[in-house]
Amino acid sequence: MNRLEGKVAVITGGAQGLGQALSQRLSAEGAKVVIGDVNLEGAQAVAATLKDGFAVKVDITQYGECENLMKQAAQRYGKIDLLICNAAILISGAVGEFDPDKWKLVIDVNLCGFFNTAKAACVYFRKQGYGNIIEINSKSGKKGSAKNSAYAASKFGGIGLVQSLALELAAENIRVNAICPGNMLDSPLWVNSLFKQYAENQGITEEEVRQKYIDMVPMKRGCTYEDVANVLVFLAGKESSYMTGQAINVTGGQQMMP
């Protein structure tokens, strides 16, 4: 514990689910945490559970709102050490039935939103002479996913952006990496949405969907928030100081290729 003592972390999408868990782990490790989320009430509720943190309403598809998020973080704490780009949405569907506007929305949030927050944070990182960006990506950023083209495309693009920014910013002491979790089968996203979506798309029951995705994993379990948080703390700390441009799989062996 306290491996991130004195660090200031900005995290997007921290009002619930994985983002909430990561915010609380960052706080437990000693970081001051600024939660940016379109759901301000939810973000404030999470911030109230932290040792030192606050919430800002932000739509990451709007660059000006990302600028405001970073400005408020820097004004409150005097610096920004770490940006975690976690905010994302998932809408699935077969190509023939996929609404193009919904397809574009996934790209706007997951890819353009990542760029907007990274760009806004880099203004402060460059002034400081250092910075650390971590994107929460997915195994879907490494391998295509049937009837899930928007999400996979956004996450493939995210890894390309991670690598490109890592090359561009390395000389300025700004690191950029990604974490690629496997399926978090017990998360609200899966329980409240994805099991139903995938059951409808694949013509099977929700129970069969769960078993299908467990069977894909050599370690025979879903990914947990703690699995992701453990890697986040490593990438956020000094132990990973010689790493940039990486997309680390946290998939129980389901995804092994770079």
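Since we're looking at a predicted model, the values are computed, not measured. Counting from 1, the numbers follow the sequence of the chain as shown.
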Kindly indicate whether the side chain of [X], heavy atoms from C-beta on, has any atom under 4.5 Å from the side chain of [Y].
X: Val10; Y: Met70; answer: yes
X: Leu83; Y: Asn132; answer: no
X: Leu235; Y: Met243; answer: yes
X: Arg221; Y: Leu185; answer: no
X: Leu169; Y: Cys122; answer: yes
X: Glu65; Y: Ile60; answer: no
X: Leu26; Y: Glu29; answer: no
X: Lys57; Y: Asp37; answer: no

If we ignore hydrogens and angles and just use 3.5 Å, is the side chain of [X] paired with the main-chain N or O of [Y] as donor and acceptor?
X: Asp81; Y: Ala9; value: no
X: Thr49; Y: Val46; value: yes
X: Asp52; Y: Lys32; value: no
X: Lys155; Y: Ser140; value: no
X: Asn110; Y: Ser154; value: no
X: Ser27; Y: Lys51; value: yes
X: Glu208; Y: Thr205; value: yes
X: Asn2; Y: Glu5; value: no
X: Thr224; Y: Asp227; value: yes

Side-chain donor-acceptor pair under 3.5 Å between [X] and [Y], yes or no?
X: Arg175; Y: Ser240; result: yes
X: Asp59; Y: Thr61; result: yes
X: Lys212; Y: Gln202; result: yes
X: Asn177; Y: Thr244; result: no

Next item on the list: Identify the residue among Asp215, Asp186, Asn183 that makes a side chain to side chain donor-acceptor pair (under 3.5 Å) with Arg210.
Entry: Asp186
Margin query: Can you classify the ring geometry of Phe54 versus Tyr77 as parallel (below 30°), tilted (30 to 60°) or perpendicular (above 60°)?
Written below: tilted
Just how far is it from atom [atom1] of [X] to atom [atom2] of [Y], taken to the nearest 0.5 Å?
X: Lys196; Y: Glu206; atom1: NZ; atom2: CD; answer: 8.0 Å
X: Phe98; Y: Lys102; atom1: CZ; atom2: NZ; answer: 8.5 Å
X: Phe125; Y: Ile80; atom1: CZ; atom2: CD1; answer: 6.0 Å
X: Leu232; Y: Ile179; atom1: CG; atom2: CD1; answer: 5.0 Å
X: Asn39; Y: Gln44; atom1: CG; atom2: CD; answer: 9.0 Å

Next item on the list: List the steps, then state whether side chain to side chain donor-acceptor pair (under 3.5 Å) holds for Ser23 with Gln20.
Entry: CA-CA 5 Å; Ser23 298; Gln20 176 179 347; over 6 Å; no
Item checked: Evaluation steps, side chain to side chain donor-acceptor pair (under 3.5 Å), between Ser193 and Gln197 -> CA-CA 6 Å; Ser193 176; Gln197 282 192 52; 3.0 Å; yes
Note to self: For a side chain to side chain donor-acceptor pair (under 3.5 Å) check, start with the C-alpha distance between Lys142 and Asn249, then their side-chain angles and the critical distance, and finish with the verdict.
What the structure shows: CA-CA 9 Å; Lys142 302 287 189 76; Asn249 299 323; 2.6 Å; yes
Next item on the list: Please name the pair of heavy atoms, one in Trp190 and one in Met184, separated by the smallest distance, quoted to 0.1 Å.
Entry: CD1-O, 3.0 Å
Next item on the list: With Lys119 as the cation and Tyr63 as the aromatic partner, state whether NZ or CZ is under 6.0 Å from the six-membered ring centre and within 45° of the axis.
Entry: yes
